[in-house]
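Down below is the structure, laid out as structure tokens.
A quick note: this is a predicted structure, and the numbers were derived from the prediction, not measured.
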Amino acid sequence: MAKFFLALYDEPNGFAKLSPEQMQKAVEKYMAWSKQSFVVDGKRLADDLGRVMRSTGGKPKVTDGPYSETKEILGGMYVIEAVSYDEAVQLTMDHPHLEFGTIEVRQLWGQ
Amino acid sequence: VTSHTTSQAQTGALLDHLFRHQSGRLVAYLSGRLGPAHLDLAEEAVQTALLRAMQSWPVQGLPENPEAWLFRVAQNAALDLVRRERWQVGDADSFLRNMAAPPVACGPPDYLADDELRLIFLCCHPELPAESRIALSLKVACGFSVAEIARAFLADEATIAQRIVRAKRLIRDRHLTLDLPDGPALAGRLESALEVIYFFYNEGYSAHGGENLVRADLCAEALRLVRLLAASPVNAARVDALAALIALQSARLGARHNSEGDLILLDAQDRAQWDQRLIAVGFDHFERCMKGNEISAFHTQAAIAATHARASAGHTTDWPMILALYDQLFELDPSPVVALNRAVAIAKVRGAAEALVEVDKLEHGPAMEHYHLRLAVRGHLLLELGEHPQARSSFAAALECPCSEPERRFLRRQLARCITVADLEILFEDEQLIVLVKPSGMLVHPSVRERTGTLKELLMQTRGEAFFPHRLDRDTSGLMVIAKDALTARQLGFQFARREVKKVYTAVVAGIVEADSFLIDAPLGREAAEKPQWNVRPNGKPAQSRLHVIERRASSTVLELEPITGRTNQLRIHCAHIGHPIIGDVWYHGPSAPRLMLHASQLSFTHPISAARLAFTSELTWPVILPT
């Protein structure tokens with residue numbers, strides 16, 4: 001079994017249009033998904049934009065996010081187990097986040 | 001073969017409608033402390049709390065006391081907002097003090113102790129424009145999204161959003177306090193409050209999206225609110241009228257869909273399923289509302305609901321009375337929705353042709369253009385008039401409009417009823433029998449509920465006789481052999497009973513089936529109290545299906561299925577049982593799709609006269625009922 005890293009990107013204001021009922025439905029779906037046996041770990045990142053540290057040749061330069069021009073920011077991550085990319089994608093196919101944002105699937109090295 | 005538990009079974013830890021109930025309550029609480037000018041802040045703080053819950057609960061797990069968690073986070077978010085908005089130090093201090101204080105008595109009379117009702121009355125401030133009051137209440141107190149409110153008003157989202165913004169600006173600019181007056185001043189807010197409750201109810205009665213036809217919780221809550229009001233000193237005859245209307249309509253909710261969640265029209269409903277307790281409550285309020293001289297639109301609507309409730313069967317309904325009431329209602333409220341309902345009554349009293357004229361008069365209204373019920377009614381009338389092609393395009397247009405999944409299934413079935421013999425794919429026909437491809441959505445045999453639009457009816461019209469030695473489920477498509485005389489039917493029936501007929505189905509199922517072929521052996525039984533009633537049960541009857549993988553796609557698998565036994569919903573249940581429900585089979589947890597992806601693709605049997613072995617094949621097509 002290999003391990004895969006799922007990076008969940010979303011638009012910070014993407015959920016603001018939902019009614020409380022719709023938000024609760026989404027919570028329930030996320031919770032149900034993350035309880036499945038192949039999910040190894042999950043973490044939610046704090047709401048701020050974080051810091052970016054960059055080499056400048058001398059002293060690293062520290063700036064506030066956002067990191068790029070994209071509207072979507074990294075909001076959370078999961079680690080799941082799967083035999084292949086195909087299966088990892090398959091298992092992630094019904095993730096409720098895909099209604100709202102993007103998921104990047106990466107295999108962890110050497111696993 | 002692995003079997004996944006369904007996602008639904010894994011949730012359920014979260015209280016039903018916790019978010020909606022809490023949001024109204026929290027907004028009421030926070031705006032009481034921030035002051036009415038900061039209704040926006042209160043709302044934003046609550047929204048933030050719900051968002052935080054949405055982000056952290058799935059990874060951190062459910063907090064021990066979700067309500068207290070939301071309360072604490074919303075309160076902190078309000079504090080953050082107060083600081084960020086750079087309130088004067090004094091303001092922030094007084095807010096902090098207020099937060100610490102026990103809930104302030106801002107003077108709601110005891111009978112408005114209910115959070116939600118109080119907030120509705122708060123939002124129905126007489127200095128706000130009437131339309132803003134209602135939109136604001138629905139958003140703030142009832143927790144609806146702007147999109148949901150827009151649909152209820154048949155308006156666009158921008159208009160509704162603007163009404164809400166305007167209301168909030170007025171509250172701020174005119175320094176309106178959201179305190180509640182007592183007595184006559186409060187009665188002045190009643191009109192709008194009743195409309196809010198009415199919209200609330202309608203949202204529940206015809207859910208506009210998702211899997212459920214009705215949102216019974218919304219209906220129950222609307223009934224609770226209106227009955228609270230009816231029992232309070234602000235009561236007026238029209239409160240009783242609305243209570244009667246809601247109770248009588250609610251009595252029918254359970255009968256509006258069958259055990260598979262499909263829509264059943266009023267005419268075909270099993271009246272034994274109507275809730276007699278609610279009908280009694282409804283008539284009780286109805287009698288009370290008729291005591292005064294007042295006549296409101298709610299009175300007339302309650303009278304219509306009462307007329308339906310009095311009929312012991314669909315055909316004994318007093319339609320002339322209902323039409324007279326709709327005429328009266330149309331004078332009080334000449335809206336296109338009332339006109340559409342009136343047209344249905346006209347069809348019952350004066351025939352479909354006259355009703356169609358009325359419906360077509362409506363088309364000029366822009367809001368009605370993409371209203372699925374208008375198109376559905378139009379299709380129904382055209383079908384009754386025998387205008388199949390026109391009916392078909394009406395139903396197809398209705399399917400393009402937003403509506404709930406059960407309504408969508410209903411419309412697809414209506415579309416299937418527009419099929420004529422000329423549309424059927426006939427593969428073989430001689431003196432004794434016909435082999436044809438039944439479209440998905442078409443009923444084979446008339447039932448108590450549906451007598452017309454069936455395959456049998458179509459064949460009877462053109463072939464005189466039609467006997468069915470076997471059946472296909474309505475939503476399943478594919479090969480059928482139909483006998484033209486009783487003797488042939490009997491002979492074919494024997495072949496089916498002796499399992500000499502080879503039947504193979506093609507299905508597209510969700511997920512990747514790993515093994516190439518295997519036997520599913522799982523007993524099926526019926527449990528009347530369960531949903532779905534038919535399922536794999538240890539004490540059920542033995543059932544076997546053979547499965548063979550044809551093709552693996554990205555997220556689905558094409559299968560060949562051979563039923564060895566022939567139990568109700570066997571293939572659908574067996575596929576769901578191995579964790580690969582058939583696509584379109586929402587009832588057994590499959591993903592929704594424009595059709596059930598199950599097709600009788602091979603059929604071979606012995607011709608009763610010539611004794612020749614006949615074999616037919618047909619391909620599953622997607623996503624098809626018929627081109628329109």
(request) Tell me, please, which residues at least two apart from B/Arg72 pass side-chain contact (heavy atoms from CB on, under 4.5 Å). (result) B/Trp69, B/Asn76
(message) Heavy-atom pairs under 4.5 Å with chain A: which of B/Glu44, B/Lys139, B/Arg52 has the most?
(response)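 Between B/Glu44, B/Lys139, B/Arg52, the count favours B/Arg52.
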(request) Considering only heavy atoms and a distance below 4.5 Å, find which of A/Arg44, A/Gln90, A/Glu87, A/Met93 pairs most often with chain B. (result)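 Winner by heavy-atom pair count: A/Arg44.
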(message) To check you understand the geometry: which heavy-atom pair defines the closest contact between A/Met31 and B/Leu62, and what is its length?
(response) CE-CD1, 3.9 Å
(request) Please report the shortest heavy-atom distance between A/Leu18 and B/Met54, naming the atom on each side. (result) CD1-CE, 4.3 Å
(request) Heavy-atom distances under 4.5 Å only: say whether B/Ala147 touches chain A with side chain, backbone, both or neither. (result) neither
(request) Please look at B/Ser23 and chain A and tell me whether the side chain, the backbone, both or neither of the residue comes under 4.5 angstrom of a heavy atom of that chain. (result) side chain
(request) Give, for atom OG of A/Ser19 and atom CG of B/Leu138, the distance between the pair rounded to the nearest 0.5 Å. (result) 12.0 Å
(request) Can you measure from CD (A/Gln22) to CG (B/Leu50) and round to the nearest 0.5 angstrom? (result) 12.0 Å
(request) Could you tell me whether B/Glu64 atom CD has more than 12 heavy atoms of other residues or ligands within 6.0 Å of it? (result) no
